[in-house]
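Report on the following structure.
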Number of protein chains: 2
Amino acid sequence: MLSKTDRLEKIIAKIGKQGYRMTPQRMAVLKVLIDNPRHPTVEQIHAEVEKDFPMTSLATTYKMVNLLKEMGEILEIDHSNAKAHYDGISSYPHPHLICTQCHSIIDLDLPSLPDIGELPQEVAQNTGYQITHFQFNFFGICPDCQENEL
Amino acid sequence: MLSKTDRLEKIIAKIGKQGYRMTPQRMAVLKVLIDNPRHPTVEQIHAEVEKDFPMTSLATTYKMVNLLKEMGEILEIDHSNAKAHYDGISSYPHPHLICTQCHSIIDLDLPSLPDIGELPQEVAQNTGYQITHFQFNFFGICPDCQENEL
DNA sequence: CTAAGTGCAAAGTATTTGCTTAGGA
DNA sequence: TCCTAAGCAAATACTTTGCACTTAG
């Protein structure tokens, strides 16, 4: 595990290597994301950035967050650019396989997957949360879209 | 596992029992959701409903879908009413615990959880998908919010 | 010097809501 | 009859985009 400082330097180097430029705004956003372990929203990031660097716009914050996301340096949680999809077949949670290209969604039925049905109770016991549901979704490119890419 | 017809009847009965009314529009939406295994969006549901019952508005379709969701009869996939959150600490996917009340998100580190790191490769091998990432998120009410509810 | 980044405001999407009319129980 | 549901349009909320100006490399 890299230290925060090392990580910061590594990302800065990577940004330069890919032809992007380092600006004070970008630096500020980057620092917040590396320092803040609370999974902030873009707005929260922006609010923190403003403390040190008041001239940063929300749009710029969005752009930097998206850049880092595309570079694979940060992880987006619980957000879909796409519309909501509904599973009318079963009301029991089960894993889905989602194609990020054609947006198709299929049920995933892997025998080797652990017994998912019991997990919510286990998580509840260990954390004190009242678990209502969960999402277990894999994202990727489906075989059809992979072919069409060629 | 109930047959589609049984399921339809069960839900219709439940709707009546809860004081809701059965209308042709609601029936049409319900049928689409029970019949269509493709995890449709609201817009897709609406398009199918329109074939049989052209007078149904998109807003009404939204309302019925939400009703069924609240009744626990259908499952919402990959959608968050909330804003996107970002995890800047690690670029490796790991489970999250999300409070649906205060929208806090914490990392979940359960030793008893199966070795999640290898799952993407396994899913890829079994399905032919090029897996890019996955989400493993539990939703519920955190201990703090449970207390404040009293 | 020049391509890339910024800030602003406007545009886009997906979804929800308020209000009036219609219609199920 | 009474009260919920439908339909429409406007509102909302988050995010993206176009464009003129600025700035990093």
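Below, read A as the first sequence line, B as the second, and so on, with proteins coming before strands; counting in each chain starts at 1. Predicted model, so just to flag it, every value in this text is computed and none were measured.
- By the 4.0 Å N-to-carboxylate-O rule, B:Lys31 lies too far from B:Glu48 to be salt-bridged with it.
- Minimum atom distance to the side chain of B:Glu43 is reached by C:dA14, of the listed C:dT6, D:dT17, C:dA14.
- The separation between A:Ile15 atom CD1 and C:dA4 atom C1' is 13 Å, rounded to whole Å.
- With rounding to whole Å, B:Met64 atom CE is found 15 Å from C:dT16 atom P.
- Taking the side chain of A:Gln25 as heavy atoms from C-beta on, and the options C:dG24, C:dT15, C:dT6, the nearest nucleotide is C:dT6.
- Proximity of B:Arg7 to B:Glu73: side-chain heavy atoms (C-beta onward) are separated by under 4.5 Å at one or more points.
- Atom NE2 of B:His46 and atom C1' of C:dA14 are 14 Å apart (whole Å).
- Between B:Met27 and B:Phe53, the closest side-chain pair of non-hydrogen atoms is not below 4.5 Å.
- Checking the phosphate oxygens (OP1, OP2) of C:dT16, a side-chain nitrogen or oxygen of B:Asn66 falls inside 4.0 Å.
- Put simply, CD on B:Gln44 is 11 Å from P on C:dT15, counting in whole angstrom units.
- Below the 3.5 angstrom threshold, one finds a donor paired with an acceptor across the side chain of A:Arg21 and the base of C:dA3.
- Between A:Arg21 and A:Ile15, the closest heavy-atom pair is O-CG2, 4.1 Å.
- Looking at the side chain of A:Met22, the nearest of the listed nucleotides D:dG25, C:dC8, D:dT15 is D:dG25.
- One finds a side-chain N or O of B:Tyr62 lying less than 4.0 angstrom from the OP1 or OP2 phosphate oxygen of C:dT15.
- Atom CG in B:Leu67 sits about 15 Å away from atom C1' in C:dT16, given to the nearest Å.
- If you check D:dA24, C:dG5, C:dT16 against the side chain of A:Tyr20, the one that comes closest is C:dG5.
- Of the side-chain N and O atoms in B:Thr23, one or more sit less than 4.0 angstrom from OP1 or OP2 of D:dA6.
- The nucleotide whose nearest atom lies closest to any side-chain atom of A:Lys63 is, among C:dG5, C:dT17, C:dC8, C:dC8.
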